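Please read the structure below before turning to the comments.
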Amino acid sequence: MRSDAIKKGFERAPHRSLLRAAGLKDEDFDKPFVGIANSHIDIIPGHFYLQEYGRVAKDEIRKAGGVPFEFNTIGVDDGIAMGHPGMLYSLPSRELIADSIETMMNAHMLDALVCIPNCDKIVPGMVMGALRVDVPTVFVSGGPMKAGQLSDGTPIDLTTAFEAVGKRARGQMTDAELYEIECKACPSGGSCSGMFTANSMNVLCEAMGIALPGNGTILALTPEREALVRRAARRAVEIAGDERFRMRRIVTRDAIHNAMVVDMAMGGSSNTVLHMLAIAREAGVEFDLRAIEDVARKVAHIAKIAPSLSTVHMEDIHRAGGVPAVLKEAARRGGIVRDGALTVSGETVGERIRGAEIKDASVIHSLENAYSPVGGLAVLFGNLAPEGAVVKTAGIQPTMRKFTGKAICFDSQEDCIAGIMGGKVAAGHFVVIRYEGPKGGPGMQEMLAPTSLIMGMGLGESVGLVTDGRFSGATRGACVGHVSPEAAEGGVIGLVADGDAITIDVDARTIAVDVPDTELARRRESFRPRKKEVRSSWLRRYAHLVTNAAKGAVMRSDL
C-alpha cells in the first residue's frame with residue numbers, strides 16, 4: 001500500500017509515534033489509510049451539513065476495516081458571491097481545491113479517497129485533484145435540495161429569485177411578492193434544485209463512473225442519501241490498493257464521453273464544458289471543444305430541467321429513473337454510450353444501466369419524443385469566437401435560435417448591470433460583456449445578474465448576450481459565453497463597437513460580428529486590451545498563469 005511509506009519498518013517509528021498521538025493503535029497499521037476530502041462549509045446551503053456525512057463516512061470506513069483521515073477544502077457559493085467582487089474568486093477556487101487534494105493525499109501517502117463535495121467549483125476541483133493523486137477514489141455529493149413552492153403551489157427555485165429582481169425593478173412585482181420568493185425559493189439544505197452547475201457536475205460524476213448510482217439525484221438530508229454515503233465509504237475501503245480502480249483508469253476518454261452524453265441529454269450547465277475540458281487535461285485525455293460539439297450533434301435532448309423553460313427539478317429526475325435511465329435511453333441511438341467503461345462499483349456502464357427504465361415519460365422523454373434531436377449545449381465558432389464559445393441551447397426560446405442584434409458594449413459586468421437597470425438595453429440589442437474572461441476578469445465571473453435582469457424585464461425574446469465570461473447554471477436565454485480568445489488576450493470581442501451587427505445561429509453553430517476583416521484589422525492597429533487594477537496578489541498570479549476558456553481555464557504549468 002502507498003501508506004506503507006509512512007507506517008512500515010523500524011525507520012518509520014517517529015511517523016508511527018505521531019499517528020499514535022492521533023489515536024491509531026497497533027492493529028491499524030495493517031489497514032488501508034483512506035482520506036476523506038470534505039467540503040463542509042457553513043455558509044453554503046449544499047455544504048453546511050456535510051460534517052455529519054463526514055462522520056458517517058468515517059464510521060463506515062472503520063467498520064469496513066480501514067482507517068479514515070478526514071480533511072477539509074475551501075469552497076465558494078456562486079449564488080452568494082454573485083454580482084459583486086467576490087465572484088472573481090469563484091473559478092480560481094477550483095485550482096486551490098485541486099491543489100489542496102493533491103497536497104493532503106500525497107504528503108501523507110494515503111491509499112484511497114472519498115470525496116464529499118456538492119456545489120459549484122468544488123466538484124470539479126476535487127475531481128482534478130483526485131486525478132493528480134491517482135488512487136482509488138469514490139465521489140459522493142451532499143445531494144440536491146427540494147424545489148421551492150409558492151403558496152399557490154407553483155414550483156420555484158433560485159432562478160425565480162434572481163429573475164424576480166428584474167420584475168421588481170420594472171414595477172411588475174410587489175415587495176411582498178418578492179419577499180415570498182426570497183423565503184421559499186431555497187427551502188432546505190442541498191445543491192440548488194435545478195440543473196445548475198452543482199447538480200450538473202454531480203450527475204456527470206455518476207456518468208463518468210466515479211460515483212455510485214443516485215449520486216446526482218438523491219435528495220440531500222434524506223435516509224437514502226445517508227445510505228449512499230455509507231455505500232461509497234465502504235466501497236473506498238474495498239478498492240483501496242486495487243490498481244484497476246485508480247482514478248485515471250476510471251476517468252478515460254470513454255468516461256468523459258459518457259459524461260458529455262448525459263450532459264447533452266439533460267441540458268446541463270454551460271460551466272460543465274469548462275470543467276470537463278480541465279478534467280480531461282488532468283486525466284491526460286485529448287478532449288476539446290470540437291469533440292464536445294461532436295457529442296452534442298449525436299445526442300438527443302430528452303430531459304428538460306429547470307431553469308431551461310421547465311418546472312422539472314432533480315427530485316423529479318430521480319423519481320423518473322435517474323441518470324441510469326437517461327443513459328439507457330440515449331444508448332438506444334447505437335454507439336452513443338461507451339458501455340464498456342468501468343465504474344468504481346466494479347461493473348461497466350452497460351451493466352449499470354441494464355435494468356434501468358424510464359418511470360415517468362413526462363420527465364425523461366423517449367428518443368421518439370425528444371425535445372431536440374441534438375444536445376442541450378452547443379459550441380459555436382465564427383469570427384467573434386475563432387476558438388469557440390458555448391451556449392445552453394436547452395434554455396433558448398425557439399424564436400432566438402437565430403438572432404441578429406446591434407451590439408451594445410460594456411467592459412465589465414458591473415457596467416452592464418447599471419446599463420440594463422438604467423434602460424440602455426432595449427429590444428434588438430446584442431449585449432456584449434468583455435474583459436470578464438479568466439485572464440481579464442480576472443477569474444471569469446458568472447453573469448447571472450445581467451441575464452436574469454434581461455429575462456425579468458421581459459427582454460428574453462428580443463435581446464441576445466455574448467461574453468468572454470461565463471454563466472451560472474441558472475442562466476437561460478440567448479446567452480453565449482466562454483468566447484475565446486478573450487478580450488484581455490486580444491480577442492475579436494475586444495474590437496466590437498456599439499452598433500455592429502452580431503448574429504447567432506444555433507443550428508448552424510455560428511456566431512459572427514458583421515464587420516469586414518479589413519475593418520477589424522484597422523481597429524486592431526490601435527487596439528490595446530484594457531488592464532484592470534487588481535489588488536489581490538492571488539488573482540494577479542492567477543491572471544498571469546491562466547489559459548482561456550477554450551482550454552478549460554486551467555493554469556499553465558510550463559513556466
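Atoms considered below: every heavy atom in the structure, side chains included; atoms not considered: hydrogens, waters and symmetry mates. Counting from 1, the numbers follow the sequence of the chain as shown. Worth saying up front: this structure is predicted, and the values here are computed from it rather than measured.
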- Message: To check you understand the geometry: which heavy-atom pair defines the closest contact between G214 and E206, and what is its length?
- Response: N-OE2, 3.1 Å

- Item | Side-chain donor-acceptor contact under 3.5 Å, Q413 with E436 | no

- Message: Side chains of T73 and S39: any donor to acceptor distance under 3.5 Å?
- Response: no

- Message: When you compare the side chain of M266 with that of I317, does any pair of heavy atoms fall below 4.5 Å?
- Response: yes

- So, E461 versus Q397: side-chain donor-acceptor pair below 3.5 Å or not? no

- Any side-chain heavy atom of E224 within less than 4.5 Å of one from H318? yes

- Under the side-chain contact (heavy atoms from CB on, under 4.5 Å) rule, what do F139 and M208 come out as? Steps first, then yes or no, please. CA-CA 11 Å; F139 275 71; M208 275 190 287; over 6 Å; no

- Establish, from distance only, whether the side-chain atoms of S200 and S269 form a donor-acceptor pair under 3.5 Å. no

- Of all heavy-atom pairs between I43 and D77, which one has the smallest distance, and what is that distance? O-OD2, 4.4 Å

- Message: Can you confirm whether the side chains of R470 and S90 place a donor and an acceptor under 3.5 Å from each other?
- Response: yes

- Task: With the side chain counted from C-beta on, respond yes when K359 and R319 share a heavy-atom pair under 4.5 Å apart, and no when they do not.
- Result: no

- Query: Just checking, any donor-acceptor pair under 3.5 angstrom between side chains of D468 and H482?
  - Reply: no

- Which atom pair, heavy atoms only, marks the closest approach of A378 to T393? CB-CG2, 3.6 Å

- Message: For M421, is the CE atom crowded, meaning more than 12 foreign heavy atoms sit under 6.0 Å from it?
- Response: no

- Message: If you count heavy atoms of other groups shown closer than 6.0 angstrom to OH of Y179, is the number above 12?
- Response: no

- Note on the structure: All heavy atoms of I417 vs all of A449, minimum pair found to be CD1-CB, 3.7 Å

- Y89 and S536 have their tightest heavy-atom pair at OH-CB, 3.5 Å

- Query: Are F71 and I101 side-chain neighbours, meaning at least one heavy-atom pair lies under 4.5 Å?
  - Reply: yes

- Verdict with reasoning, L377 to V273, per side-chain contact (heavy atoms from CB on, under 4.5 Å): CA-CA 9 Å; L377 294 170; V273 174; 4.1 Å; yes

- Message: Side chains of E180 and S151 only: does a donor on one sit below 3.5 Å from an acceptor on the other?
- Response: yes

- Over 12 non-hydrogen atoms of neighbours within 6.0 angstrom of NZ in K304: yes

- Message: With a 4.5 Å cut-off on side-chain heavy atoms, are V261 and V295 touching?
- Response: yes

- E489 versus N548: any side-chain heavy-atom pair under 4.5 Å? yes

- Just checking, is any N or O donor in the side chain of S191 or N199 under 3.5 Å from an acceptor N or O on the other one? yes

- Query: Quick check, are the ring centers of H365 and Y371 under 6.0 angstrom apart?
  - Reply: yes

- Side-chain donor-acceptor pair present, H84, E414, cut-off under 3.5 Å: no

- Query: Would you say the side chains of T197 and D120 form a donor-acceptor pair under 3.5 Å?
  - Reply: no

- Query: Which pair of non-hydrogen atoms, one from L50 and one from P117, has the smallest distance, and what is that distance?
  - Reply: CD1-O, 4.2 Å

- Query: Between H301 and M264, is any pair of side-chain heavy atoms under 4.5 Å apart?
  - Reply: no

- Less than 4.5 Å apart, any side-chain heavy atom of H544 and any of K439? no

